Amino acid sequence: MDLKNKITRLKQEKNAIILAHYYQRPEIQEIADYVGDSLGLSQKAADTDADIIVFAGVHFMAETAKILNPTKTVLLPDLKAGCSLADSCPPVSFKKFKEQHPDHYVVTYINCSAEIKAMSDVVCTSSNAVQIVDAIPKDRPIIFAPDRNLGKYVARKTRRELLLWDGACEVHEAFSIDKLLTLYREYPKAKIIVHPESDEHLLTIANFIGSTAQLIEYVKKYPENDYIVATEAGILHKMQEAVPNTLLIPAPAKDDNSCACSECAFMKVNTLEKIYDCLRHGAPEIKLPEAVMGPALLPIQRMLEQSK
Ligand code: 13P
Ligand code: SF4
């Protein structure tokens, strides 16, 4: 029996669900029960009646699923699936930062550790950050962490002053504006679509800015255009499936790598073999202290409530 069939059989036997992010390898997206952006994945994790959640994504995503399902087993195929953005916000330093600004409402992007979520008033994703910040009373000062690029974008969109944590995603900061403009001269009719974790220079020249799911929705709406796509290259799998006749060009990264595009090494550590093994052995499992899970739940629930 091939690996895909073995995974499907095991999943049924164990009443497990596989949730996968758009940046996962294509073969993982193919066997997943649901593929989505961070918001969609959290909504699915909150709704599922499966006993086991296999999270084909990175650590902070699996942690969010665990916080929403403290009694369920949440498996991450490889615990090394971290996130440079989440790592850019260490809990000890963030605690001090928060204590220096006790009157501030704390909005944290979901790409952070459970400890940071536990220190937050509300969590957001790239698809609802503007809406979440907009809903905060105008006289309330706001801390936005950990992504400075998304933070600057949200500040511009909401016309609010945000106190930003200085964190970033190494994958989205790796795009080269010079190479992108050279590419654009080759494809002058192409629309440039960009994830808001990207550098301000890229956001300034973008025709559309959105979360992974919103970028896919956008190209589905206007399939007649060509696109230069500035986000992690894994998105091209589902995007191209949705618009098979549309030219999709991955935005070039500063350093040439094998695909000359940006890949998240953390997202790519998961493989079909590791998914099979984690289902078979019930490990590696996400475990979090009660003292973190309790306080981290409310800010996530607030986000889900405001995103219905
Ligand atoms: P979204 O899929 O929510 O846009 O997030 C992108 C990302 O970088 C996830 O790590
Ligand atoms: Fe983290 Fe960036 Fe990878 Fe997303 S793409 S998981 S933000 S390092």
Side-chain angles (χ1 to χ4, degrees), residues 19-25 28-29 32 34-45 55-65 76-90 107-113 116-117 123-132 145-151 153-154 165-175 193-199 202-203 206 208-219 229-239 250-251 253-254 257 259 261-270 300 303-304 307:
L19 304 180
H21 188 265
Y22 286 122
Y23 298 163
Q24 290 293 289
R25 296 169 187 275
I28 294 181
Q29 297 189 34
Y34 176 81
V35 184
D37 69 355
S38 302
L39 176 63
L41 289 164
S42 317
Q43 287 167 330
K44 276 282 162 195
F55 219 111
V58 291
H59 208 271
F60 75 80
M61 296 177 172
E63 279 187 347
T64 305
L76 184 64
D78 187 330
L79 289 179
K80 288 194 289 302
C83 170
S84 62
L85 176 52
D87 290 347
S88 68
C89 193
V107 183
T108 52
Y109 186 36
I110 196 161
N111 299 36
C112 64
S113 66
I116 299 293
K117 289 185 177 77
V123 167
C124 69
T125 75
S126 52
S127 56
N128 58 22
V130 170
Q131 175 196 338
I132 298 263
D147 189 8
R148 61 170 178 257
N149 293 318
L150 178 65
Y153 169 69
V154 173
W165 181 263
D166 194 18
C169 157
E170 64 189 20
V171 178
H172 285 88
E173 287 218 320
F175 292 115
I193 57 172
V194 181
H195 193 280
E197 284 174 24
S198 310
D199 191 84
L202 253 79
L203 298 185
F208 181 74
I209 298 166
S211 73
T212 51
Q214 289 168 338
L215 295 179
I216 292 175
E217 281 313 303
Y218 187 76
V219 302
V229 184
T231 190
E232 208 267 359
I235 196 176
L236 295 169
H237 177 64
K238 283 284 174 206
M239 198 179 258
K254 285 175 196 143
N257 53 28
C259 69
C261 58
S262 265
E263 281 202 336
C264 173
F266 298 111
M267 284 280 180
K268 300 304 196 243
V269 296
N270 295 325
I300 299 171
M303 171 188 79
L304 292 175
S307 306

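Numbering of ligands and ligand atoms starts at 1, following listing order. As the structure is a computational prediction, the values presented were derived from the model and not from experiment.
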> Does H21 have a heavy atom less than 4.0 Å from any atom of ligand 1?
Replying inline: yes

>> Below 3.5 Å, N or O to N or O, backbone or side chain included: is there any such pair between D37 and ligand 1?
In response: no

> What's the shortest distance from atom 10 (O) of ligand 1 to any protein heavy atom, and which residue and atom give it?
Replying inline: N111 ND2, 3.3 Å

> For ligand 1, which atoms, with element, lie under 4.0 Å from some heavy atom of Y23?
Replying inline: 6 (C), 7 (C), 8 (O), 9 (C)

> Hey, which atoms in ligand 1 end up nearer than 4.0 Å to a heavy atom of S211?
Replying inline: 4 (O)

> What atoms of ligand 1 come closer than 4.0 angstrom to any heavy atom of M61?
Replying inline: 9 (C), 10 (O)

>> Using 0.5 Å steps for rounding, measure from the CE atom of M267 to the CZ atom of R25.
In response: 12.5 Å

>> Would you call the rings of H172 and H195 parallel, tilted or perpendicular, taking 30° and 60° as the class edges?
In response: tilted

> Atom CG of N111 and atom CG of L85: how far apart are they, to the nearest 0.5 Å?
Replying inline: 5.0 Å

>> Among all protein heavy atoms in this structure, tell me which lies nearest to atom 4 (O) of ligand 1, with the distance rounded to 0.1 Å.
In response: H195 NE2, 2.7 Å

> Hey, does E197 come in under 3.5 Å of ligand 1, counting only N/O atoms on both sides?
Replying inline: yes

> Can you tell me how far OH of Y109 sits from CD1 of I132, rounded to the nearest 0.5 angstrom?
Replying inline: 12.5 Å

> Heavy-atom contact under 4.0 Å between Q214 and ligand 1?
Replying inline: no

> So, does S84 use its side chain to make a donor-acceptor pair with the main chain of E170 at under 3.5 Å?
Replying inline: yes

> Hey, does E63 have a side-chain heavy atom less than 4.5 Å from the side chain of F55?
Replying inline: no

> Mind checking whether R148 and E197 have side chains closer than 4.5 Å, heavy atoms only?
Replying inline: no

> Going by atom types only, do S198 and Y153 share a side-chain donor-acceptor pair under 3.5 Å?
Replying inline: no

> Is the shortest N/O to N/O distance between T212 and ligand 1 below 3.5 Å?
Replying inline: yes

> Relative to ligand 1, is S126 under 4.0 angstrom through side chain, backbone, both or neither, heavy atoms considered?
Replying inline: side chain

>> Could you tell me, atom by atom, which parts of ligand 2 come under 4.0 Å of a heavy atom of Y23?
In response: 5 (S)

>> What I'd like to find out is whether the side chain of Q24 reaches to under 4.5 Å of the side chain of E232, using heavy atoms alone.
In response: no

> Nearest 0.5 Å, what's the OG-CD1 distance between S42 and I110?
Replying inline: 3.5 Å

> Nearest heavy-atom pair of A20 and A32: which atoms, and what distance?
Replying inline: CB-CB, 3.6 Å

> What is the total of protein N/O/S atoms that are closer to atom 2 (Fe) of ligand 2 than 2.8 Å?
Replying inline: 1

> Looking at CG of L236 and OH of Y22, how far apart are the two atoms once the value is rounded to the nearest 0.5 Å?
Replying inline: 13.0 Å

